[in-house]
Amino acid sequence: MPLAKTPRPAFPAGRFALLMLLLASAACFAVAVDPDDLIQRADQIKTASNAQFQDLLAQLNGQAGQLTALQHDWLDYLNAWQLLYRGNFKEGTNALDALLTHSRDPVLRARTHISLLSAETNAAHYEEAYANLSDLLASLPKVEDRTVRALSLDVAAQLYNQAGQYELALNFADEALASNSNAHLSCYATTLKAESLYHIRKLHADDAPIRAGIDACQKSGEILAASLIRLWMAKAQFDAGDVRSALADLEAHDALVRSTNSSSSISLYHAIMAQAYLATGDLVHATQYAHSAVDHANKQEFAPSVADAYQVLYQVAKRQGDDKAALDWYEKYAAADKGYINALSARSLAYQKVHQR
């Protein structure tokens, strides 16, 4: 005989709606404060919205006692990243070094190595950077996250380009492109490949894969990456004697490059435009773009774009018969060029020392 059903109490519709609203709010709140969700969200926005990142970081730090060991390690990483972001190199690198001594998670260790690399190269601690890079690359077989692997390979290509190891950088850029389907990281890898090919004199104006890379980057919204690839293509055209074609392409995309607000990229772009204008005899625009290249370098006295811009200003003053100005610009060019070569030599020497060990 079936059991009699117990009648449910009547629930007014208004109170039912209120209860549902409270339950929905509670569910949303539970998702919002879940540590894994907070960590992932904080990691995604740390540069795009650093103020909001700091709020999430404070929330996570308040939950530190309830976190798992791995969650706590990620929190330590995010705290160290923020220290570096605020310019506190010593405390930030010490915190990342400490994290590497005890964390065993392959993805977190790779991310920690990458952040250390950025800090060390910015602080001109080149030997530490290349030693750290060796550790990162040795750890990659254990890293299953495809995005982190691709990012690690991109970072390796970038640092090897900076040390003048262009063939080695090209190998890593190709490996990153072959192993990764992420459009954003592929664009970055293509810029590094174009840079490597340019320096070993294998980049040509009709290089179909590189040209296709420009289109792919623009379609995926990576305007800065597309602009940098275009820059290396223009430099290759310029070196091959096709100055007017290079200049026409640069002029057509100048406004797009300016819209990125990337000072270093604008400086590089305008330095090559200044050289192209000088080569065509347009001294007015050569001067204008040379000054822009220096201004956008943000006081990076030894950036290659600064040396190139000073050389243009020297040539302009010389052609105009202004010997005093020519001498002043030449002295600035010589100092900037020497500084750039010394920095390149320091990175190359650091790489050689680590490689020999």
**Complete:** The reported gap from CG in Leu283 to OG1 in Thr280 (rounded to nearest 0.5 angstrom) is 8.5 Å

**Request:** Indicate whether any N or O donor in one side chain lies under 3.5 Å from an N or O acceptor in the other, for Gln158 and Tyr188.
**Result:** yes

**Request:** Check whether any side-chain heavy atom of Val354 lies under 4.5 Å from a side-chain heavy atom of Ser134, and answer yes or no.
**Result:** yes

**Prompt:** Can you tell me how far CD1 of Ile229 sits from SG of Cys187, rounded to the nearest 0.5 angstrom?
**Reply:** 6.0 Å

**Prompt:** Does any non-hydrogen side-chain atom of Lys142 lie less than 4.5 Å from one of Arg104?
**Reply:** no

**Request:** With sequence neighbours left out, write down each residue that passes salt bridge (Lys or Arg N to Asp or Glu O under 4.0 Å) with Arg258, or none if nothing qualifies.
**Result:** Asp254

**Request:** Verify the cluster assignment for Leu247 and Tyr289: are they in a single hydrophobic cluster under the rule of side-chain heavy atoms below 4.5 Å apart?
**Result:** yes

**Message:** I'd like to know if the side chain of Arg146 reaches the main chain of Ser179, judged simply by a donor and an acceptor atom lying under 3.5 Å from each other, with no hydrogens or angles considered.
**Reply:** yes

**Asked** Would you say Leu136 and Ile114 make side-chain contact, with heavy atoms under 4.5 Å?
**Response** yes

**Item:** Polar side chain donor-acceptor pair, Gln82 to Asn50, under 3.5 angstrom
**Value:** yes

**Request:** Could you tell me whether Phe89 atom CZ has more than 12 heavy atoms of other residues or ligands within 6.0 Å of it?
**Result:** yes

**Item:** Shortest non-hydrogen separation from Leu116 to Asn132 and the atoms involved
**Value:** CB-ND2, 3.1 Å

**Asked** What's the verdict on side chain to side chain contact (heavy atoms under 4.5 Å, CB included) for Leu96 and Leu83, showing C-alpha distance, side-chain angles and the deciding distance?
**Response** CA-CA 10 Å; Leu96 291 176; Leu83 285 171; over 6 Å; no

**Request:** Apply side chain to side chain contact (heavy atoms under 4.5 Å, CB included) to the pair Arg109 and Asp135, showing each step before the final yes or no.
**Result:** CA-CA 10 Å; Arg109 288 180 63 82; Asp135 292 341; over 6 Å; no

**Asked** Hey, are Asp337 and Tyr310 close enough side-chain-wise for a donor-acceptor pair under 3.5 Å?
**Response** no

**Message:** Can you see whether Ser115 engages Tyr77 through a side-chain donor-acceptor pair at a distance of less than 3.5 angstrom?
**Reply:** yes

**Request:** To the nearest 0.5 Å, tell me how far His72 NE2 sits from Leu60 CG.
**Result:** 10.5 Å

**Complete:** Nearest heavy-atom contact between Ala157 and Ala169 is O-CB, 3.3 Å

**Asked** For the side chain of Tyr126 and the backbone of Ala343, is there at least one donor-acceptor N/O pair under 3.5 Å apart?
**Response** no

**Request:** Would you indicate whether the side-chain heavy atoms of Ser348 and Gln165 approach each other to under 4.5 Å?
**Result:** yes

**Prompt:** How far apart are the closest heavy atoms of Ala276 and Phe238, and which atoms are they?
**Reply:** CA-CE1, 3.6 Å

**Request:** Grab the two heavy atoms, one from Ser305 and one from Ser267, that are nearest each other, plus how far apart they are.
**Result:** OG-OG, 2.7 Å

**Complete:** Of all heavy-atom pairs linking Leu344 and Gly164, the shortest is CD1-N, 3.9 Å

**Fill in**
Tightest non-hydrogen contact, residues Glu127 and Ala350, listed as N-CB, 3.5 Å

**Prompt:** Roughly how far apart are Leu57 CG and Asn79 CG, rounded to 0.5 Å?
**Reply:** 4.5 Å

**Verdict with reasoning, His291 to Leu313, per side chain to side chain contact (heavy atoms under 4.5 Å, CB included)** = CA-CA 8 Å; His291 281 298; Leu313 293 170; 3.8 Å; yes

**Asked** Hey, does Arg111 have a side-chain heavy atom less than 4.5 Å from the side chain of Trp74?
**Response** yes

**Asked** If we only count heavy atoms from C-beta on, is the Ile45 to Leu56 side-chain gap below 4.5 Å?
**Response** yes

**Asked** Are side-chain N/O atoms of Glu175 and Asn171 paired as donor and acceptor at under 3.5 Å?
**Response** no

**Prompt:** Quick one: do Val243 and Tyr277 end up in the same hydrophobic cluster if we chain Ile, Leu, Val, Met, Phe, Trp and Tyr together by side-chain heavy atoms under 4.5 Å apart?
**Reply:** yes

**Leu170 with Leu137, same ILVMFWY side-chain cluster at under 4.5 Å** = no

**Item:** Donor-acceptor side-chain pairing of His102 and Asp73 below 3.5 angstrom
**Value:** yes

**Request:** Tell me, yes or no, whether the heavy-atom count around Lys46 atom NZ, taken from other residues, nucleotides or ligands under 6.0 Å, exceeds 12.
**Result:** yes

**Complete:** Distance col, row Leu100:CG vs His113:NE2, nearest 0.5 angstrom, shows 4.5 Å

**Ser186 side-chain N/O to Ala183 backbone N/O, donor-acceptor pair under 3.5 Å** = no

**Request:** Find out whether Leu168 and Tyr351 are in side-chain contact, i.e. whether some heavy atom of one side chain is under 4.5 Å from a heavy atom of the other.
**Result:** yes

**Prompt:** Any side-chain heavy atom of Leu327 sitting closer than 4.5 Å to one from Lys324?
**Reply:** no

**Prompt:** Does Ala205 offer a backbone N or O that forms a donor-acceptor pair with the side chain of Arg211 under 3.5 Å?
**Reply:** yes

**Asked** Leu99 and Ile39: same hydrophobic cluster, using ILVMFWY side-chain contacts below 4.5 Å?
**Response** yes

**Prompt:** Could you walk me through whether Ser265 and Leu224 pass the side chain to side chain contact (heavy atoms under 4.5 Å, CB included) check?
**Reply:** CA-CA 8 Å; Ser265 300; Leu224 182 57; 3.2 Å; yes

**Message:** Tell me whether Met233 shares a hydrophobic cluster with Leu177, the cluster being built from Ile, Leu, Val, Met, Phe, Trp, Tyr side chains joined at under 4.5 Å.
**Reply:** no

**Prompt:** CD of Glu251 to NE2 of His285: how many Å apart, nearest 0.5 Å?
**Reply:** 7.5 Å

